[in-house]
K.L.:
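Below you will find the structure I want to go over with you.
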Amino acid sequence: MSHQPTFPTSSQRGAMPRLCVTALSGGGGKTLLSLGLCRAFVERGVTVQPFKKGPDYIDAAWLRLAAGAPATNLDPYFLEPSRLRALFVHTMRVAAARQASGKETDSPSMARRGRLLGLLEGNRGFFDGMDARGSCSTAELSRILSCPVIISVDCTKMTRTAAALVRGMLTFEEGVNFAGVILNQVGSARHEQILRQALEEHTDVPVLGALPRLAENPLPERHMGIASCGDDLSPQAQRVLDTLAAFVGGHVDMDRIMAAAQSAPDLEAEAFWPESLGPEPAAVSAGVLVSGEEAAAAKASHPDVATGDTPLAGSQRAAGRRPRIGYVRDEALWFYYEENLEALRRAGAELVHLSLLHGADAGHDGAGWPQVDGLYLGGGFPEDHVEALSVSPLLRRLSLWAGQGMPIYAECGGFMVLSRGIEREGKLWPMSGILPVTAVFCPKPQGLGYVRGRISATNPFFALNTELRGHEFHYSHCRWEEPEAMPSDSAAESADRLTPDGQPPVRPASVGQGRSWPRWAMQLHKGQGMGLAPGQAPQSPCGRGAPKVDGLVFRNVWASYTHIFAPAAPGWAENFVAAARNFAAREGSGDHE
């Protein structure tokens with residue numbers, strides 16, 4: 001069964017300046033270079049549309065902040081080549097529409113001067129993929145997009161060998177357009193001179209700049225605080241980006257890099273999203289044809305939606321009220337692909353931005369939230385905000401909604417919020433209690449990489465036997481409660497079980513309502529997910545060979561460690577919106593479960 005949904009095709013073509021920033025290995029300086037280039041070009045009046053190869057939320061958040069525009073993830077694991085080109089072209093056309101509209105972005109840039117650049121940050125080493133053939137590598141993606149490539153070369157304790165490595169890169173695979181090299185971690189003027197001479201003698205790739213060695217990495221790591229403040233990062237992030245812009249802009253040839261991007265050939269691709277109905281006006285900017293629908297998408301796809309959304313044209317103007325799907329986006333939960341939100345909009349939903357943290361700060365008791373018909377809980381770092389989350393009265397609203405049968409879709413961090421609690425450093429912080437599992441935080445990742453599974457049980461979001469692809473990155477593992485250990489009504493309401501704020505606990509939606517034990521809806525062929533189901537013995541002493549499970553389903557709740565990319569998840573958006581519409585109809589008719 002194919003994991004690729006089918007969409008109508010329509011030729012779209014345009015001149016799209018673009019480049020790919022890569023390195024010889026992970027940690028080779030491509031993130032620093034990509035961010036510095038993004039912000040430096042923005043400061044020169046260029047409209048930069050950032051892209052990130054592979055599944056990634058943190059680097060994408062940095063790119064968004066550097067460019068002042070939402071970053072798009074491009075991943076050959078999720079999309080076939082034609083669909084990757086379509087997504088790239090669509091995103092660039094939306095960027096052109098944004099540029100043509102003259103509207104300010106969230107970037108501190110000067111006025112736009114009509115130039116457009118698509119900047120793609122690779123991942124890992126350039127040729128590194130899922131296997132020895134380099135499947136799903138940055139090299140493969142650069143060929144799919146006919147994208148000029150700039151190599152960041154970490155020259156630490158190396159001179160002439162750098163030329164050998166670059167020469168090997170140039171000849172390793174065909175079909176790659178290497179546009180230049182940026183020397184990184186250069187120790188001195190003499191070091192730079194030898195490097196340049198060696199590269200000029202042994203390769204024909206130009207050196208486009210040399211970045212001096214820095215005393216320390218200006219980009220903090222994931223748990224150093226700056227990246228745990230949501231996708232707006234933190235106040236010092238802007239200062240970091242300004243520093244990187246000055247650093248990179250002062251040591252590379254920006255004009256030659258832009259010229260390399262402008263040398264990219266035109267791209268032609270199918271329409272990425274289903275075309276809306278009715279005639280649409282068009283505008284031309286930077287040689288790119290932009291439809292009225294894409295101009296609307298440029299506005300709708302901005303991530304800082306406060307509440308509600310602007311309906312799209314055509315089929316989205318359905319009769320009656322559009323079902324409202326809330327999505328929690330704050331410092332604790334902020335891992336969302338913009339395409340997932342866009343897919344829900346295009347399936348007919350009105351999106352409502354919610355917060356578990358700031359709603360509680362405002363003194364809301366849950367009734368302060370707007371009424372919604374469905375809830376999307378993305379991933380993030382709830383473990384960094386356990387104290388605030390555990391005393392949030394809004395957790396009771398989640399439990400109430402789950403008990404009413406509202407469709408709730410939770411990924412990773414969102415799943416942890418639905419659990420009995422998060423255990424960290426031996427202390428248990430109560431969460432909503434909807435699911436009979438504790439998320440135990442560990443110092444090392446418990447699941448990392450791509451996921452592939454089959455839907456094995458009925459649920460509101462995916463059809464049976466759907467082959468689902470996703471990815472996971474989590475530091476917690478599951479500790480299950482046995483069904484007989486679940487408390488009764490009286491136990492659940494006992495006064496001796498209080499939350500840290502001295503309030504009665506959130507009553508799990510699964511307790512005392514005559515409901516069955518939650519079930520697993522996905523069998524994994526690849527990935528760890530929630531691990532082995534309770535009572536399941538491993539097939540070998542080290543646990544290898546035993547099938548893993550994910551997708552814990554209770555009533556209309558789905559919770560998993562797996563993150564999905566909606567354009568590669570057949571039926572997810574349409575089914576989610578349909579379930580929300582059905583819930584709204586039941587609520588409106590007074591037919592409560």
Side-chain angles (χ1 to χ4, degrees), residues 1-8 52 54-57 60 72-84 86-87 90-91 136 271-274 301 323 325 327 335-349 351 374-379 407-415 447 449-474 520-527 529-530 548-553 556-581:
M1 183 173 180
S2 173
H3 69 278
Q4 301 293 342
T6 302
F7 293 110
K52 173 63 183 176
D56 191 288
Y57 297 103
T72 293
N73 289 73
L74 300 171
D75 194 335
Y77 182 72
F78 290 136
L79 300 178
E80 302 292 345
S82 63
R83 299 284 292 142
L84 285 168
L87 178 55
H90 167 77
T91 306
C136 303
F272 186 72
W273 298 105
S301 62
I325 294 179
Y327 66 106
F335 289 178
Y336 294 93
Y337 290 122
E338 294 305 318
E339 289 76 15
N340 289 18
L341 301 178
E342 182 71 4
L344 292 173
R345 293 186 188 101
R346 289 176 178 269
L351 298 187
L375 184 65
Y376 183 12
L377 299 173
I408 299 176
Y409 191 89
E411 296 176 321
C412 201
F415 152 59
Y450 290 121
V451 171
R452 182 168 57 90
R454 182 183 63 83
I455 301 301
S456 56
T458 57
N459 67 91
F461 303 96
F462 304 103
L464 276 173
N465 297 316
T466 296
E467 292 291 331
L468 192 64
R469 296 191 178 200
H471 62 91
E472 62 182 340
F473 181 73
H474 50 99
W520 291 270
M522 184 163 66
Q523 295 285 335
L524 297 185
H525 311 307
K526 177 181 176 61
M530 295 182 180
K548 307 297 195 304
V549 297
D550 208 7
L552 187 61
V553 173
N556 288 326
V557 174
W558 167 289
S560 67
Y561 275 124
T562 298
H563 297 271
I564 62 165
F565 183 64
W572 173 78
E574 294 79 6
N575 293 337
F576 196 167
V577 172
R581 184 178 289 112

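Keep in mind the model is a prediction, meaning the values are calculated, not measured.
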K.L.:
Side-chain contact, heavy-atom cut-off 4.5 Å: Tyr409 with Ile325?
P.N.:
no

K.L.:
Would you compute the distance between atom CD of Glu411 and atom CZ of Phe335 and round it to the nearest 0.5 angstrom?
P.N.:
11.0 Å

K.L.:
What is the minimum heavy-atom distance between Asn556 and Pro460, and which atoms define it?
P.N.:
OD1-CG, 3.4 Å

K.L.:
Evaluate Arg345 against Leu351 for side-chain contact (heavy atoms from CB on, under 4.5 Å), listing each step before the verdict.
P.N.:
CA-CA 7 Å; Arg345 293 186 188 101; Leu351 298 187; 3.8 Å; yes

K.L.:
So, do Arg83 and Phe78 sit near enough that their side-chain heavy atoms are less than 4.5 Å apart?
P.N.:
no

K.L.:
Between Tyr336 and Tyr376, is the gap from one ring center to the other below 6.0 Å?
P.N.:
yes

K.L.:
Are the side chains of Trp273 and Arg346 in touch, meaning some heavy atoms are under 4.5 Å apart?
P.N.:
yes

K.L.:
Would you say that Trp572 contacts Leu468 through its side chain, given a criterion of any heavy-atom pair below 4.5 Å between the two side chains?
P.N.:
no

K.L.:
Excluding sequence neighbours, so at least two apart, what forms side chain to side chain donor-acceptor pair (under 3.5 Å) with Thr91?
P.N.:
none

K.L.:
With under 30° as parallel and over 60° as perpendicular, where do the rings of His474 and Tyr561 fit, or are they tilted in between?
P.N.:
parallel

K.L.:
Quick check: does any side chain N or O of Asp550 sit under 3.5 Å from a backbone N or O of Met522, one acting as donor and the other as acceptor?
P.N.:
no

K.L.:
Short question: side chain of Asn73, backbone of Tyr337 - any donor-acceptor pair under 3.5 Å?
P.N.:
no

K.L.:
Could you check if a side-chain atom of Phe565 sits within less than 4.5 angstrom of a side-chain atom of Leu79, using non-hydrogen atoms only?
P.N.:
yes

K.L.:
Name the orientation class of the two ring planes belonging to Tyr450 and Tyr77 (parallel below 30°, tilted from 30 to 60°, perpendicular beyond 60°).
P.N.:
parallel

